[in-house]
Structure formats: structure tokens, C-alpha cells
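Accompanying notes for the structure given below.
Not measured: the values here are computed from a predicted model. Residue numbers start from 1 in every chain, and the chains themselves are labelled A, B, ... in the order their sequence lines are given, proteins ahead of strands.
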Amino acid sequence: MQQKDDNLKDIISHAKEYGFVFPSSEIYDGLAATYDYGQLGAELKNNIKSYWWKSMVQMHENIVGIDSAIFMHPSVWKASGHVDAFNDPLIDNKDSKKRYRADVLIEENIEKIRQKINKDVAKGLKRFGDDFDVEQFKATNPNVLRNQAKIDSIEDRMRTALNNEDLEGVYNLIIDLGIACPVSGTKNWTEVRQFNLMFSTELGSVSGDASKIYLRPETAQGIFVNFLNVQKTGRMKIPFGIAQIGKAFRNEIVARQFIFRMREFEQMEMQFFVRPGEEMKWYEYWKEQRMNWHKALGLGEKNYRLHDHIKLAHYANAAADIEFNFPMGFKELEGIHSRTDFDLKQHQELSGKKLQYFDTELNENYVPYVVETSVGLDRMFLSVLSSSFKNELLEDGKTRAVLSLPYALAPYKVAVMPLLKRDGLPEKAREVMNLLKFDMNCIYDEKDTAGKRYRRQDAIGTPFCVMIDHQTLEDETVTIRNRDTMKQDRVSIQELNTIIGEKVSFNSLFK
RNA sequence: GCGGGCGUAGCUCAGGGGUAGAGCAUCACCUUGCCAAGGUGAGGGUCGUGAGUUCGAAUCUCAUCGCCCGCUCCA
């Protein structure tokens, strides 16, 4: 484990040193768990997006892509369940260091009082036997009445406080009830704090409740609200999918572990609309497809595993994670969920608009079921980076830092370099670079010794280095050096585009 | 929020009361010429911030801020 943590540290500093990922706002001491992608990170990230987009959208006739807004109508999040389900008042016990949901603590207290009533009822039953009228007893017994009044008053105070978002009121209620921590037994509480999953902001220039809107906590809803738009304008026939890449925001209580869990992150999602009753078939189909997609990258098959969820979210009837062996251990990389017709039905209800599909084969209308695939782009980035980063021990006892990125994902595909900074070699190198730069991202480097330059390219994952030497001037050939084998071949300049182009193309991944 | 760790040059760190150092990196020149770390020179730091103690604080005290790790939450 120690080894693994150190490994993550090395990756973080390597990422910073070479311009992949910087801590955000670093000159102001940074902002917790927020990161910026640098010049090479942006290239790598874009390449990952391309890999996903090409394989999901362009290679499936029945999947199209959209790009919806981050701001959405507030009702969207009521419909999706996000407003109600993720809005918890939390409180900490200072002695046990345990954190509780404040409303749950109060509920438990109420439950205790309810038990007292039940005890009294049980006593009555024992004493009077079959003649005992439970309802009448509850309505008249002073003990029961007193306890019931207590419950009513607590529930009333709690409801009022929660509805008014009066956190102090919730705190006072806990204190007044004398609730103690089950672990430490003390009543030494922190204040009650609200943890909202969603970030909110004000739309328009006048602040007020009416203009409060949220930053989307998932991109999926942008797809659901456009279901009909896309289906009709694209004349889509079920089964079909809508894909999207975009940012989402979640106010995680702890956002940690580099770019693995951030409050601002990017998702690559596809919602696949299917006939009711066929969802499990497609769920299995996409589980397999998505796993194959990951494995095609060649980061190591043993680094992936499938984890089926036992506890399901409120909208799902089946769910699985594709987990990756990150430096911190196996963690979720992609989720595949059978979301049923929950979302479309909810939107249909709240919007009052029919969100249905007329199936000409069945000759009937229905709300489609949905199978979702959702990859964390930043997690994908980390999986690629962490599994590619190596400190190799070479035969001569020296070490080299190398990023063995999949060729298609590498920020630069080729580095062009003159062996010497004179004799017309730099000019010739520029010529070669001009030949290649329209087809692939190139970098030019003439500083330092050849070996040093090779190492620099290894460290940023550039698959190929083309060296222009004196022989080049005579016969138009160059050496091309491979990042992984460190072997060189001499080839003619004319062949370069084909030779390199073939190897760095996405096609090799799709086959 | 709690607990722990850490803030000195771009990076890795040394220095623990007398006014800031090394290696690497950067830049220039020389040398070499296909797998990093040859030579010479140069630039670069109000030692996280603020207060206190002291003749004097990077160094001691207190506070504060930030980052990292762990715990609580997680679609």
C-alpha cells in the first residue's frame, strides 16, 4: 500500500513536471481537489474523448451525439430525484469523531419514544387480554398520550426546521432532546451543516429563490430531456442511443486522490433506449462492449474487473461497474446501469409532455427503457496515465522514465530532431516536420544531446522520434526510433507518413 | 469537520537564533556528436502569511492560510 501511495505521488509530480496536470490556481496556493489540464494533458484528454466518440457515435449507426447545456430547468432535478435524495443535514460528535445525519438521529429518538408506547400497549394487552381495545387505550392512557404528544411536537419541530433549512433549529432540537452519540455516549456535538450534492447559483441579476438553478450533477438528464427532439429530428428507431461528453458537478464531502474524485469532472455518457422487457439483453450487451473497449487500449487486461452492484440506486434495476486497478487499488472507472423507464416517466409526469415512442413493429406506444454507460473522463485519464508511467531499469544500470501511452492517445505522435544544430540539419528537420504536421501532432527539438532528447520524449510518451543526420542530406533517409523498444530503423522520408500514420491511428484500436 | 503530515529557488531537499545553500532544471558560450546528468559563467528565494519574544527570527512562541494522507458521505 505504501508502495502504491508513493506511486501515485510520483505520477502526480510527473504529471505536473511535464505539463499534463497542474493544481488549480496554484499561484494562490491552490484550490482543494481542483486541477487544470496543461498543454499535454489537454491533448491526451482530447484523444481519449476522440477514442470514445469515434467508437460510440461514429461506429454505431444507431447512436448519435449531443452537447447539452450545463444549466437546466430546476424541475429537471426534482424529476430526477436529485433535489430530494441528496440534501442531508449532517452533524459530528466531537468525541467519537463520528458523523451522522441529523434527521436520522432525531428519527431514532422518536423511534425510542414509540417503543415506550408499544411497551405500555403490550403491558395493557397482558393485563386485560382479548378485551383490550388498543385504539381506545392509545387515545386515553395518560402515559401514551404524553409520549404521543412528545413525538408530535418533535416531528413538528423537525419538519419546520428542515423545511425552512433552519440548521440551528435542527441543532437545538438535538440538544433539547439530549441525544447522545451511540459510540462515545457524549452530547458534544458540532453545529449542523447542510451537505448538498448539487452546486447552486443564481440565474439573472436579481437574487432570490425563484432564480436559483443548479450546475448539473450528471450529464444524463440533458439526454433525457432531449429524447423526443433527437428521436424525431433524427428519425431514430428503437433501439438507439444518445451520447454526450461534458462536465458535471458534485459537491462531494471529500474530494481526493488527485483527479480521481473531483467536484468538477467530465463524463462520457451514452443512454441507450430500448423496448421494455429487452433491457436486460442490452444491459448484458453493453457490459461486454464497454469492457472490450477498455481492454483494446492495451493497458493490461488484468487491470480491469467487473463489479455487480447489490445495492441499487433509486432508478435502477441492475447496475455494474467496470473497475480499474488504480494506484489506490481497484476503483470504479465506468458504470453500466439499467435505468428502467424511471427518468423518462418522471419527466413525463412533471413536464406534462408525453415522452413516448411509437413502435411500428409492435404497433404500440410506450416509454422506452434505458441502459446507460457512463465513463469518468478524468478517471479514464488517470487510468491511462498511471498504468503507462514506468521507471525502467535499463541494461546498463541506468533508469529511464517512460510513459508507454497507447500510440493513438499520445499527445505528440512524433518528435523531429536534427542530430546537430548545424550543417543544414535543422533546416532539413524543419522540412520533414512540415511534411508530417498536417497529419499528426509533431514536436521539434534541437537542444541537448540526442540521448537527452530521446529521454525527454519518452517522459511525455511520444511514440516515435525521427532523427535527421548527415546521411539524410545525401539520400533522403532518416532514422526512426521507437519509444518502447528504443530500436532505430532507417527509412526514407517519403515513407514516414505511412509508417507512423498507420501505427498511431485509432484504427488499430478498433480492430 | 476531526486526526496526522508538510509549506525554504521551477523540481528534490539541506540548514534549527547572527542576516540563504546544494543537486537537478533554465539561459549564454565552449566541448561532444544516436540513447540523460563534460567545462565556464549567469539569472532566480521578503524561507506560506501575520503577530510576539530578542540587539537580531528561515530558525523559538502563538495564531492563521494552503496542500497532502486517513475517517465520516457517495448515483
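Cation-pi check for A:Lys45 over A:Tyr37 is met; the charged atom lies under 6.0 angstrom from the ring centroid and within 45 degrees of its normal.
Stems are defined here as 3 or more consecutive Watson-Crick or G-U wobble pairs with pairing distances under 3.5 Å; those involving RNA chain B are B:1-7 with B:65-71, B:10-13 with B:21-24, B:26-30 with B:38-42, B:48-52 with B:60-64.
Among the atoms of the strands shown, none is found under 4.0 Å from any heavy atom of A:Lys421. In this structure, A:Ser13 reaches neither bases nor backbone, as no heavy-atom distance under 4.0 Å exists between it and the strands shown. Across all strands, A:Arg481 comes closer than 4.0 Å to base atoms (heavy-atom distances). Across all strands, A:Tyr35 comes closer than 4.0 Å only to sugar-phosphate atoms, never to a base (heavy-atom distances). Nucleic acid contact for A:Arg483: none, since no nucleic acid atom lies under 4.0 Å from a heavy atom of the residue.
Between A:Gly41 and A:Phe381, the shortest heavy-atom distance links the atoms O-CE1, 3.4 Å.
A donor N or O paired with an acceptor N or O is not found under 3.5 Å between the base of B:rC35 and the side-chain atoms of A:Asp458. Scanning atom types as modelled, no donor and acceptor separated by under 3.5 angstrom connect the side chain of A:His337 and the base of B:rA75.
Of the candidate nucleotides B:rA75, B:rA36, B:rC73, B:rC73 has the atom nearest to the side chain of A:Arg261. The side chain of A:Lys447 approaches B:rC27 more closely than any other nucleotide in the set B:rA75, B:rC27, B:rC34. Among the nucleotides B:rC34, B:rA75, B:rA25, the one closest to any side-chain atom of A:Lys452 is B:rA25. Residue A:Lys16 has its side chain nearest to B:rC11 when only B:rU26, B:rC68, B:rC11 are considered. Of the candidate nucleotides B:rG33, B:rC34, B:rU26, B:rU26 has the atom nearest to the side chain of A:Asp448. The side chain of A:Thr479 lies closest to B:rC34, out of B:rC34, B:rG33, B:rU26. Taking only side-chain atoms of A:Gln257, from C-beta outward, the nucleotide of B:rG70, B:rU32, B:rA75 with the closest atom is B:rG70. Of the candidates B:rA75, B:rU32, B:rC34, the closest approach to any side-chain atom of A:Thr449 belongs to B:rU32. With distances taken from any side-chain atom of A:Leu420 to the nucleotides B:rU26, B:rC34, B:rG33, the minimum falls on B:rG33.
The residue among A:Leu394 and A:Ile12 whose nearest nucleotide of RNA chain B is located toward the 5' end is A:Leu394. For the pair A:Glu332 and A:Tyr454, both in contact range of RNA chain B, the more 5′-proximal nearest nucleotide belongs to A:Tyr454.
If you look at A:Phe240 and A:Phe272, their ring centroids are not closer than 6.0 Å. Taking the six-membered ring for Trp, A:Phe273 and A:Phe227 have ring centres closer than 6.0 Å.
Checked by atom type, the side-chain pair A:Glu476/A:Ser492 shows no donor-acceptor distance below 3.5 Å. There is no side-chain donor-acceptor pair under 3.5 Å between A:Tyr454 and A:Asp445. A donor-acceptor contact closer than 3.5 angstrom links the side chains of A:Gln271 and A:Glu372.
A distance of 7.5 Å separates CZ of A:Arg290 from CE of A:Met270, quoted to the nearest 0.5 Å.
Atom name C1', nucleotides B:rC67 and B:rU49: the rounded distance is 15 Å, in whole Å.
B:rG16 has its base syn relative to the sugar, with a glycosidic angle deviating from 0 by at most 90°.
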